[in-house]
Number of protein chains: 2
Amino acid sequence: MCAKDCCAPKDERKGVEIACKCETRVQRFLQPCLLLLLKVKPSYGYELVENLHQFGFDELPDPATTYKNLRIMEQEGWVASQWDTGGPGPARRIYQVTPEGEDLIQSWTVAIRRTQESLNTFLSLYEREFKK
Amino acid sequence: MCAKDCCAPKDERKGVEIACKCETRVQRFLQPCLLLLLKVKPSYGYELVENLHQFGFDELPDPATTYKNLRIMEQEGWVASQWDTGGPGPARRIYQVTPEGEDLIQSWTVAIRRTQESLNTFLSLYEREFKK
DNA sequence: AGTCTCTATATGCATTAAGAATATAGATGT
DNA sequence: ACATCTATATTCTTAATGCATATAGAGACT
């Protein structure tokens, strides 16, 4: 059993855990999560990474991925940023959601509801097949 | 609005629909769906592609992807295949689930339930933020 | 002054899953 | 003989992500 209680055993030769065989990652889920967090409160990369915990990612996206996505989202016009040099420590790039970004949260929620229905279909079929 | 009622407009210059910006694909969801379909009834690639409709994929995985995944799953030992030359038309490679494959369906279901909880968290936070 | 750690952002490279395009070929109908 | 439908397979490319690494300011301690 792997750390996620599903499948992957340890690789005895290397002594490390090998990739989980039954992982189902939600691709492009990071961007809607970031948008929603920023809608709740304008924030910056380092803090956002910590707040992503609540979305129950199996493994948190690494900082590099988060920073890269924030830059992409700014290019797309969904968020806007400004440097904050006021606080302690190094300067922070504070992001906030634009009107376009707010519209997109609505649209993305529609897509996520549809994704959820797909998973429901799988789980229903699973129950019908095994739990009888 | 795109065909999925969320965001992507048509590209006027090319006259074609551009990629939807708010798509959240469930990565590696195809394999558990195939395993479950094969658990219900042994089948072959071409037929499986048609039966994938029921899982509500936004866009059906193209045949190439399905065939490739079936081969990978056979290499992993989750399914076994044999040629069926009996029926009409060209020979079919019939797949069925192995005991290892059945175990994996259980494990994968655990992962899919966890994924569903992530989506629930997003949707709850969305409702709290917007629907009040 | 030197250096160590924590915070914070950023870039380059490699991996992986998936799609697009294409190739192959048997069976069937005209 | 030829077109069409069924069925499988391969190659090339793209997109999203993770890993490793680089950079640098601020505060603490010696």
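Letters A, B, ... mirror the listed sequences (proteins, then strands); counts begin at 1.
- Looking only at side-chain heavy atoms (C-beta outward), B:S43 and B:L37 stay at 4.5 Å or farther from each other.
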Quiz prompt | Base-contact (B) and sugar-phosphate-only (S) positions in nucleotides 13-19 of chain C, heavy-atom cut-off under 4.0 Å, - elsewhere | solution = B---SSB
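- Taken residue by residue, residues 76-83 of chain B places no heavy atom nearer than 4.0 Å to DNA chain C.
- Checked by atom type and distance alone, the side chain of B:T115 pairs as donor or acceptor with a backbone atom of A:T24 at under 3.5 Å.
- Protein atom OH of A:Y67 is 12 Å distant from nucleotide atom P of C:dT11, rounded to whole Å.
- For C:dA10, one of the phosphate oxygens OP1 or OP2 lies less than 4.0 angstrom from a side-chain nitrogen or oxygen of A:R71.
- Counting only heavy atoms from C-beta outward, the side chains of A:T121 and A:L125 never approach each other to under 4.5 Å.
- A heavy atom lying under 4.0 Å from DNA chain D marks the following residues of residues 36-46 of chain B, by number: B:Y44, B:G45, B:Y46.
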Exercise. Give the intermediate values and the outcome of side chain to side chain contact (heavy atoms under 4.5 Å, CB included) for residues A:Q31 and A:I72.
Key: CA-CA 9 Å; A:Q31 289 187 11; A:I72 291 168; 4.2 Å; yes
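- Residue pairs meeting the salt bridge (charged side-chain N to carboxylate O under 4.0 Å, His left out) criterion with at least one member in residues 37-54 of chain A, sequence neighbours excluded, are A:K39-A:E102, A:K41-A:E47.
- Considering only heavy atoms from C-beta on, A:L34 stays 4.5 Å or farther from A:V79 through its side chain.
- Of all nucleotides in DNA chain D having an atom under 4.0 Å from a heavy atom of chain A, the first and last in 5' to 3' order are D:dA16 to D:dA26.
- Contacts of A:F57 classified as ring-ring contact (aromatic ring centres under 6.0 Å, His included), with partners at least two apart in sequence or in another chain: A:F29.
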Taking only nitrogen or oxygen atoms into account, show me every contact under 3.5 Å that the protein makes with nucleotides 28-30 of chain C, one pair per line with its distance.
none

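- Legend: salt bridge (charged side-chain N to carboxylate O under 4.0 Å, His left out) pairs involving residues 77-86 of chain A, not counting sequence neighbours: none detected.
- Taking the side-chain contact (heavy atoms from CB on, under 4.5 Å) definition, one finds that A:L123 meets it with B:T109, B:I112, B:R113, B:Q116, sequence neighbours left out.
- A 4.5 Å side-chain heavy-atom check between B:E23 and A:Q27 finds every atom pair outside the cut-off.
- In this view, B:A64 and B:D62 satisfy the side-chain contact (heavy atoms from CB on, under 4.5 Å) rule, not counting sequence neighbours.
- Remark: A:S81 engages A:E74, A:R93, A:Y95 in a side-chain contact (heavy atoms from CB on, under 4.5 Å) (not counting sequence neighbours).
- The only member of B:V40, B:L30, B:V97 that meets side chain to side chain contact (heavy atoms under 4.5 Å, CB included) when paired with B:L35 is B:V97.
- Taking the side chain as every heavy atom from C-beta outward, B:L70 and B:L48 approach each other to under 4.5 Å.
- Applying the side-chain contact (heavy atoms from CB on, under 4.5 Å) rule to A:P63 yields the partners A:Y67; only residues at least two apart in sequence or on another chain are considered.
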